[in-house]
Every structure is written in structure tokens, then in C-alpha cells.
Amino acid sequence: APKRYWEETQNATKKVEAEKSSDESKQENTDKEKKTDPFPGDAPIPEERMKKFQRGNKLEVPAGTRLKLRETLTRSEAGSDLAQNQSARYDLLLTEDALEGEEDEDTCTISQEDIAEAVDITSGSKHLLLGGRRGHVTCIEWQTKNLMCEINVMETVQDIWLHSEAMFAVAQKKWLHIYDSSGVELHCIKKFNDVLRMQFLPYHFLLATASATGFLQYLDVSVGKEVAAIPTRCGRLDVMAQNPYNAVIHLGHPNGTVTLWSPNQKEPLVKMLCHRGGVRSLTVDKTGYMVTSGLDRKLKVYDIRAFKPLHSFFLPAGASCLSLSQRGLLSAATGDIVQMYRDACGGAPVTKPYMAHRVRGTVWGVGFCPFEDVLGVGHAEGFTSMIVPSGEPNFDALDMNPYRSTKQRQEWEVKALLEKVQPELISLDPGMLGKVDNATFEQKHKERVEAVGYDPLAHKKFKPRMRKRGRSSAGSVEKRKNKVAHEELK
Amino acid sequence: MSSKSSVEAAPAVMAAEDNDEELSSLEDENVISASEDEEGSEDERKHTKLLEAISSLGGRRRMKQTERSEASLQVSEFSVAADGAGEKVELSDLLGTMEKTPGAPNKTKKQLKNLQNRKDTLELPLSKQETEKIQRGVAYKKSSREVSRWESVITQNQKAEQLVFPLRQDPTGHKRMEQVVAGWKARTPLEQEIFSLLHSNSQPIHDPVLTPVEEASIKAMSLEEAKIRRAELQKARALQSYYEAKARRESKIKSKLYHRVQKKAKRRDFLKQFEEMVKTDPDAALEELKRMELSRMQERMTLKHQNSGKWAKAKAIMAKYDHSARKAMQEQLEINKDLTQKLAVPSEDEDEEKNGDEEAGALPDFVNDPEPILDPVNPWMRGKLSKEEPEPEVEASTEARDEDLEVQQQQEEEEEEENEEEKLLREFERKRKLREDEDDDLVPVPQEEENQTLPVAGAEQASSIEVSAEDGSKITDNNDEDKDDKVDEDDKDEEEEEEEEEEAEEVVSEFNSLFNRLMKSNTTPAVPDQNEGEELLDEGLVRVQTMEDLEALRKDRTNEANQEASVPATDTPTAPESASEPPNKKKRRRKEIDLKKVLTKQATVVKVPLAPTVLEEEEEEEAEVHTEQAAIIKEAFAGDDVISDFLKDKRKQEEAGRPKVVDLTLPGWGEWGGLGLKPSKNKRRKFRKKVAPPPPRQDKKLPAVIISEKRDASVAAHQVSQLPFPFQNPTQFESCVRTPIGQTWNTQTTVRKLTAPRVVTKMGAIIEPMSREDLVPKQKSNEAKRGAAILLEEKRERGKKKGSGGKRALQQKKKKMQKQKKTKE
């Protein structure tokens, strides 16, 4: 702070005192003055985290762009930078914890009993919906074991939660039924018949069903309308998964192919040959991995963004059910054994399972509990829950709060409905909306050029200025052109 | 029309004002007459009076006219008598008296005479329209200048991310004491008195941060500090002057060889730096590599060094007869080769060979010319510790010149390791004295002792010096040969020149080769060093007596060097790995491209990379399952081939995507038609429309994937199809839109910043138009005053200039008008 003249008297007295005191204090004073911040500027952000929040590539503004454009671009770039920095800076995550064996101990040999003894389970309520082969549908809170409803529909059942625990859909032998949480039948949708598998797209409010007749149908739950019905012409559809990244439905077929579908196209977006035998099970990760298992007893990992196979494992008995957790833990059921694989997708090829557990009967379905370290296994003898370190510890309460109250749930419902994504926006690239529709753009641009008589967006070609005294020789002109060649290319 | 209007318009303005006055007077008269008319509406007398008055109004002029005509006789007090009305007054009449008057100055007389001689008439005043036009122009200029002052403010506001209205807002919260005081003025006499007192004591009144005295005291430093500072400055200045002198000296050296050597030293430095960089800062090293890559790219792009230029063509003609020209051309090509060589880390063997080649290439220069060997004296002795080397021009003889070169070379090395070298120099001096004694007295000195005294690093240099020193004793013998060599030397000089020209370009290529060497040296650590050390020890023991011996020794050395280089190549295990890697990559690439191969491969080769260890209990069961499943699979896929089906499907899709040729031929048109007649080939070819091939399919490189090429029109309805204003291409727009601004993806501060409104207004506050005060940014009072003064001066000057310019413009315009009139006439 600057000195004020009225402060001088005080300072003077202080000075006198200071002089009286030893020289050391003087030195200290000088030290204090010289002291600089040992860590100047903002705290550095690790590059990995920065990469995590990077959205697209930075655009370099080429020299010679118009002022207005330059300003808009630089401003938007600055905004992007700020967003990235801030997000990375505030991404303070809980540390990872995984099952670690002692020395020379295989993690796959640790039994569930040991784990259960070591772990103390306290968590918020979660709901579990079970459907039995003989038509038994149960809804319980799986931790408190509170029964919400229990009904018998007297038919074969395939069930699913709709966007909240208030409602669930059950695919019965003939039609698709919707029940509320107390087991009261709300709808019987007769347009959807012979449904074998269902997937619910939470952000689109779409219920996708795959039927035995080879139809893939989309039901908009928010308005109760059928959005699309696609005859896949691929026979019975009993293998289905959704890609949580772009809401594309993956179907597995008996001829070893996996097809990707959106409600907007009558033909598959992508068709890939994955197995020599039929596809038995299929699961897709948020980060872009697809794991398939086939009758040829192979387990294959695909990078679904590039449609390229990453790994191919040979399982002695093949995998009947697959499931990927939020953190990329893969569970595969072979017969009555549930195996867990860690880093099966990303890293080096796995040679042995991370964990394994034997249940009492043949496994029919496996599913990870979101935000919990629990895997639910449905098998011939009933339901088993396993402790597996798999859940995402950092939930986004604005997006999905496992501990939400009724009031919060109601609010979330309204918000989710307001932010509902239209089914037209489902495509392989979810960022399509932010891109210019090139075909129309070009068409319009062409028309405009014809109407105006010149191309208003054309980049002026660089024409080197004529210079005198031999400085406009062919060589030097070429050199000058070369200097801006990289910009011309843009 | 303002009286302020600028000087050039003054006459016109005057004229206009006159007109105005006349008009106004007329109007006044009319008004008066009208009022009189009303008053005397009944009264006859008044009426007649009015008539009279009117008549007198009209008649006055007439009277005057008559008066004028008649007044020729009488002399009026007020008007000049029109005596001799028909005659014109000649100028000479008026000026006649001038000559007679003795008092008039000669100058005026001359001027008047000149006037008399002038024939041209005076210019007419401009027409009203013209003057108005000029006035308008001037006024426009002035007002536009006034308005353009706002431009910067306007653009600034347009640019601003956010505008907060009202623009002038007082900061909220408590004001500082000084700010409150600043606005206050002394009104009462008492206050004024106090103020004057304060003024006299030079106390601050408005912004009392520091008194002038305090400021002065702060500015002053203590004596000690000042001394220290001065000493520092002196030192810095001295250092700078030394450095400058050195740089100047070095830049003046004309010797090409010196510069070449300098360049080499620089390169060596660069290499060292690069080596360090590889260790410490791999990013920078990578960048350096990239630069090299860029140079390679540029070389590939241009026609440089391709022997296609003017110079090369001339040389090509000469090449038949001139060996040097041929060599120069070859060198050019070599440079090109070097530059275009890929920078991939080469295997060891290659490098060794290259290294050997380079050394071999470097050798002939030394071997062919005997000069460096003929050095009379040890060059080390010439250069003193921190002194310039003797000027090369002074000494004429070739030997001396070469010596100098040698000295320069040594000096570079000296620069590299200054401290060590100074020590070494001293030691050399001592030894040289010994050796001179030895030459004179032929007293052998034990060399082992020398070796002991020499540090290992300097051993090689020492040996070379030894050699040269001995050669110095034999100069007299070799002098004759030397003269013969002179002719060759000249040729060699020319070559050198060329070389130097090329060297600038060569730098990059040599960087590449150096880099390669460096990579090799990194991979072969420690082993050659030992060898070198041994070799050095050996060298110390050999004494060379004749020229032949010397040459043999050099050859030996090179051989040894080659051997050294070749030895570590076998040792390094990294080489085969690096060699084996690239083919793998190639294979992978081929995989991507070749569809069928891969598919069949996948179909036939069943790899078992993983056999998961399952609990032992399961194994029996597993075996059962295994056999069961195998049977199932066999059953299920007895007949159908999944892969061929898929391939067929893919081929079908590809076919469908391919555009079809449209055949527009009509039979019978332009030729005979009928049964059995087909349109001719020529015609069919003419009317077949081929469509441009579509862009390559997305799944072109993915054999096991079919990606639909259909355009998804449903998203298109929501997409942008016309670029908004400032954007010039879609990528710019897309990059602007790519970052979401919502709360779901961003922190609160970011959202607030990204969604900040463009204009913010304060509720209830009046937004007033900007005033002139807003235009001028706030400055410190003194500066502002100074600035104002400067501005004023400028204005004055500008005004003058403008004024004169305006006048000139007026005159020009007038001239133009006259010309036009003349032409019309």
C-alpha cells in the first residue's frame, strides 16, 4: 500500500525503533521485501486431466482473417480454454480402490465370503427388479430387502425399469406391459408383440424392444407413441445392448454379425462380422468398447469408434452373459461360474480373470449395480449378489443421484423431461448436432454463388506483390508463396 | 453561416453578409409603409401624403439619377463627381503623380510599374453555387474530423464482451479519504488562507499520497547502494565492450576456412546441446527433429540441388572438361540425397559405414595437400592466452597462411574448452621449448614422461602438435615440393569457394548425418571410449620421422577408427529389434487394405491367446461343455459359411453404392434403325453419361465391417445449414460451437462467464448519451495538461496548413472555372 503523508510520523517512530533494534531485523526486512512467491501463478493441472476435458481440437486463427471473425474465434477459443481448465481444476475425484491380493495370492481365488467379512456395506436404497421364467415379477429394495411389490403375470417375463423406480415394463409372452411400482398394470401395449429383449434409453425416453419376429421397435415413453418400427430381416433378435455414449442399439445375430441401429434408418448403421458362430451376448461401454461373445467360444473386444477388434480371447466354455461396469470391469458368465476381468478393454491382453465366483445354478443374467461395488447374478436357483469393486465412486448428483429423495426425484423427472433428447438426434456421432449440415450447406452455397455471381466465402488467393530490383524473380516469388502455403491449404 | 468559418471562405462570407444586409433593409422599409397605410385609411390627406411618399420612394432614385447626370457641374460633398463621365480612368493617370513625388520608395514604384504592364483582367468572384459547394466541402471535412474522433470508442464498444450501462458508474462502497477531499474546494476566506499556506509549503492537496519532498527522498539512494550499482554498471559495460570488440573482430575475418571451421564448431555445439536436450528436454529435441523433417520436406518439394538450375546447366557443359565442375555437380546431388534421406534411426552397420565414409571423405583434403604438415612452427605457440591471432593477410607465403588456418582451428577448440586449454597451452609451451632444444641438440627426451604429464583429453592434440613441430624442422627440404603444389593449390581454392557456397545448404544435411551419428553414439556407450584411450596412449609412443611415415600413421588411425566403429555395432542388441519392427508395421498396413486375406486368416487361424484359469472343480464339467459345444457348433454351421455370406453382402452394398452409367442412346436417330440394327458403338459412347465416382467408402479399410453410406436426413433438420455472419467456413463455426456452455458440463463460474449478457443495464438508471468527457480517457492531471498543450499546438499547425491548403484549392478552382468559361466562349 502506498504511504500517506499522515502516516509518516508513525513510520518515523517505527523507523527509529527499528534502527535501535539489531541489524538482524533489517536483514529480515530486506528478506521480506525480496521474498517472492515460490509457486507463482495458478496451480498446474495434470495433462491427463486436461485431456479428459478437451473438447475437439483448438482452431488456429490463420493470419489475414477478418477482424470480426478473428475476434469471435479468439473469444470462443478463450471460452473453451476456460471451460476446460476449470473443469479439470475442479475434477477432484475419489481415489480408486480395487481388490488387491497379498503377495503370491491370486485375486481370483479370494472367496466372496472373505470379502463380505472384510467389507462393511452401508449405502442408500436401491431397487432391484426380478423377473422369473414362470412369470414371477418382484420388486425389492435390495439392501433393506423391503418388498415393494410381487406379482405373478403367469407368463414368461423379460423386464426393465423405466426412467425411474416408479414404473417398469415387462415383456410378456405376447404383449408388452407396463406396471407401476406397486404392481398395478398401467398399460398393455399391443403394438409391441413377442418382445424378447428391451433397452431403455434414459435421455431420449425411448424404450427399444427387439422381438422374435425380427422387429426393432422404439416406444417414446414420455408421450406413449411408437417412434419407429424397423424390420431388421435378421431373424429372431435375442441379443441386444445399447451404447450409452450415442444411444445406438446393438443387436447380435445368429450369423455372427452385430448390427447397429438408430430409429432414423431402416437399415443398420453398421454391420460387423464378429464371430464365426452366432453371437450369444453383447455389452457396450460408455467409453467406446464393445465386448461380444459367440458360439465359437470366443470373447472379443472391439473399439466401437473405429470398428476395429482389439483383443480376442478364447474362453474354454464361452460366455453366455456379459456385463460391463461403470469403471470398465467385465463380468462374463460361463455356465454357473461368474468371472470378472479387469482392464479387459483397454490394456494388454488378459491372461486370467480378476475374480471368479461359482453360483448355484446356470447363470441367466448378470448386471452391475451403478455406483455400488455389487454385481447381481440371476441364475437357475435364484438371485445372488456379489461384491466386486466396480462402481463409480463419483456420481454426478445433477445427472443421477443414487441418494435422492422423493422430492429430488420429482424435480429430476421434470428436468429430464424438459431436457429430453429427440430421437432424430440418435446417430453414430452424438456431436452431429454441433456440425454444419454439409450437403445442404454446399447446395445453398452453390445457389448463392450463382445468384450473386461470385463466391462470397472464397479465400483470396495470395498474389505476391511485384517488387523491383530483382526481388520479384521467379525464385523469390516462389519463396514468398511458400511462406503462406500452409495457410492457403486451410 | 458562422463567423468562425475558416479563413479561405472569408471573402465569400463577406459578400453573403452584404447581401443579407440589403435584403433586411428592404424588408424594413416595406414594413414601415404597410403600417402607415393602415393608419391613414380614411384620411385623404394622409393618403395623398402616402402617395407622395411612395412616389418619393420611387422618385428618389430617379431624382438621384437625374441628380447624377446633372451634378456634373456641381460638386457634391458626399459623392464623387462624375466629371468626364464617358472617359475611363487610366492607371497611368493615377500613377503619373507617383513618379513625380520624391518621397515614394523605389520598391513601390517598381511594383506599380509592373502593375501597369500587366494586361490580364482581375478574376471574377465565384458564383454563389460554387462558393457554397466549397463551403460545404470544408464544413464536411471539419465535421467528419469531429465525428471520427468517436470511431475508436465505437469500435471498442462494439468489440467489448460486455457493456455495462450507465457507462460512468461511481464505484460502490466506501470512498477513500483523498477522493472525498479531492472534490472539495476552498470557499471561505479562512479555508483559502489555509490552502495558500499549504501551497506555500508544497503540501499535497488533492491526492495526498506522498509529499514532493518524500518522493525526492525516496528517489535518492544511499551512497553505498549507489556505489555498488555504479560498479555493477561499469562491469557490465566493460563486458559488453569486450564482447562487442570480439564480435567485430570475428566478423571482419575474411578467411573462408576460418568461417567454415567456425561453422563446424557451431555444429558440434549444436550436437552437444542436442544430446543434452535428448536427455533433459525430449520435447525440444523432438521439435528439433521436426525441423529437420521440415527441411527434408522442403528439399523434396523444391528443385534445389537437382542440378536443374542455371548454374547446374552451365556446369554440366563444363563437366566434360573440368573435373572440379563435375565434382561440384556431384556434391549438389549428394546434398539433395542427404537432405531427402529419411530421418529414421538407421541400423548400426550403416552408420559405421557412413562414418567411415565421411572420415574417408574428409581425409583426402589433408592427404592431398601437404601444407598443414609443413607447418614450420607449432601453431599453438602463436596464439597467446587471450590475444588475437595474427592477421592472415600480413603473411604472404602459403605456409604461413595455412599456419593461420591451423591457428584458427585451434582457436575454435580453444573456445570450446577455454579453461582447460589455457592450462594445456602452458604445458605445450614448456614442451615445445624442450623439443626445440631437442631438435637443436638432438637430445632425446623421454616421451613416457610427456605422456604422464599430459591429461588424457589433450593427448591427441599433443601428438598432432608433436608431428607438426617435427615437420617444421623439415620445411627446408619440402619447400621445393611446396612450390610445385602451388598450382594445385589455386585450383583447390576455387573448389573451396564452391564448397563454402554449398556448405550453407549442407548444414541441414549434415545435421541429419550428425544426428544419425549421435543416435548411434547413444546406443553404443562407453565401449569405444576405452579403445580411444588405449589408442591415445599408443600414439604417444610413436615418433614419425618422414612424410611416408606420417601418411601411414594417418591411414592407420582412420582404419582404427573404422574398426572401433564397427566393433560396437555387433554388440548392441537394439539394432535387430529396430530393424525387425518396420516390416511388422508394413504387414499391419497390408492387413487393413487386403480384405480377403484378413478374413480368411481370421477364419482359418484360431489363436488361443488366453486360457483363463478357472477353478479346478470346474474342469471336469468344462471338458463336458467343451465337447458338447463343439458338437453344437458343428451341427449349427454344417452348411453355411458365415464369412462368404458377409462378403457377398458387402459386395452387394458396394455395388449398390456405385453410380451407374446412364445410357441415353435412342435407336434410329441419326442413322438407320429397324429390326436387327443396333446403334453404332460411336453413338453409344457418345450418349453414355458417366457419373463421377463417389468418395471412398468408410469401410474401405475394414474388411469385417459394412458401414451404411446413407445420409441421415433426420439430424439435418436440426443442423445448421447456413453459416452465420462472421464465419467463412464450417470448421470455424464448428469449433466455436464445440464447447457446451451448460451447467451440466461446466463449473458455475465458467457458465456465468460464458453466458454473460452482452449488455447490462442498471435498473432505474438513466442511460445518457456519451459525452465528450467519456471520449478522453482519464489521465493524470499533469500529463493531461501537457497533452492538451501539445494538442493545441498541433491544432494550430494543422489549422495553418489546412488554411493555406484551402486557399490554394480555392485559387485552383477559380482558375479552372475561368478556363471553362474561356473554352465556352
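A quick note: this is a predicted structure, and the numbers were derived from the prediction, not measured. Every chain is numbered from 1 and lettered A, B, ... according to where its sequence line falls, protein lines coming before strand lines.
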Worksheet item: Looking at A/Val301 and A/Ala344, what are the two nearest heavy atoms and their distance?
Response: CG2-O, 3.9 Å

Practice prompt. Report yes if some heavy atom in the side chain of A/His357 is under 4.5 Å from a heavy atom in the side chain of A/Ile337; otherwise report no.
Written response: no

Practice prompt. Select, from A/Gly335, A/Gly256, A/Gly56, A/Pro456, the one with the greatest count of heavy-atom pairs under 4.5 Å involving chain B.
Written response: A/Gly56

Fill in: Proximity breakdown for B/Leu754 and chain A, heavy-atom pairs closer than 4.5 Å
side chain

Worksheet, complete the sentence: In terms of heavy-atom pairs under 4.5 Å with chain A, the winner among B/Asn746, B/Val737, B/Val720 is B/Val720

Worksheet item: Listed by chain and number, what are the side-chain hydrogen bond (donor to acceptor under 3.5 Å, both in side chains) partners of B/Lys159, not counting sequence neighbours?
Response: none

Worksheet item: B/Lys710 versus chain A, heavy atoms under 4.5 Å apart: side chain, backbone, both or neither?
Response: both

Fill in: Heavy-atom pair count under 4.5 Å with chain A, highest-scoring of B/Thr302, B/Thr731, B/Thr750
B/Thr750

Worksheet, complete the sentence: Looking only at B/Ala716, B/Pro740, B/Cys736, B/Ser708, the option with the highest number of non-hydrogen pairs under 4.5 Å against chain A is B/Ser708

Worksheet item: With chain A, which of B/Glu734, B/Arg738, B/Gln732, B/Gln298 has the greatest number of heavy-atom pairs at distances under 4.5 Å?
Response: B/Arg738

Discussion item. Is any side-chain heavy atom of B/Thr739 closer than 4.5 Å to one of A/Gln54?
Written reply: no

Fill in: Partner chain A: residue of B/Glu161, B/Lys753, B/Gln743, B/Glu709 with the largest heavy-atom pair count (under 4.5 Å)
B/Glu161

Worksheet item: Heavy-atom distance under 4.5 Å between the side chains of B/Phe733 and A/Thr72, does that happen here?
Response: no

Worksheet item: Do the non-hydrogen side-chain atoms of A/Asp429 and A/Asn246 ever get within less than 4.5 Å of each other?
Response: no

Worksheet, complete the sentence: Of the listed A/Glu71, A/Arg89, A/Glu478, A/Lys68, the one with the largest count of heavy-atom pairs under 4.5 Å with chain B is A/Glu71

Item to complete: Under the side-chain hydrogen bond (donor to acceptor under 3.5 Å, both in side chains) rule, collect the residues that match up with B/Gln719, sequence neighbours excluded.
Response: none

Discussion item. Salt bridge (Lys or Arg N to Asp or Glu O under 4.0 Å) for B/Asp699 and B/Arg697? Distances and angles first, verdict last.
Written reply: CA-CA 5 Å; B/Asp699 53 14; B/Arg697 285 180 67 89; 3.1 Å; yes

Worksheet, complete the sentence: When the 4.5 angstrom heavy-atom criterion is applied to B/Ile741 and chain A, the contacting part is neither

Worksheet item: Just wondering, more than 12 heavy atoms not from A/Arg233 lying within 6.0 Å of its CZ?
Response: no

Response to the item:
The interface call for B/Gln698 against chain A, heavy-atom contacts under 4.5 Å, is neither

Worksheet item: Hey, which of B/Ala713, B/Ala717, B/Ser735 has the most heavy atom pairs under 4.5 Å with chain A?
Response: B/Ser735

Item to complete: Could you tell me which of A/Gln84, A/His311, A/Lys435 has the largest number of non-hydrogen atom pairs under 4.5 Å with chain B?
Response: A/Lys435

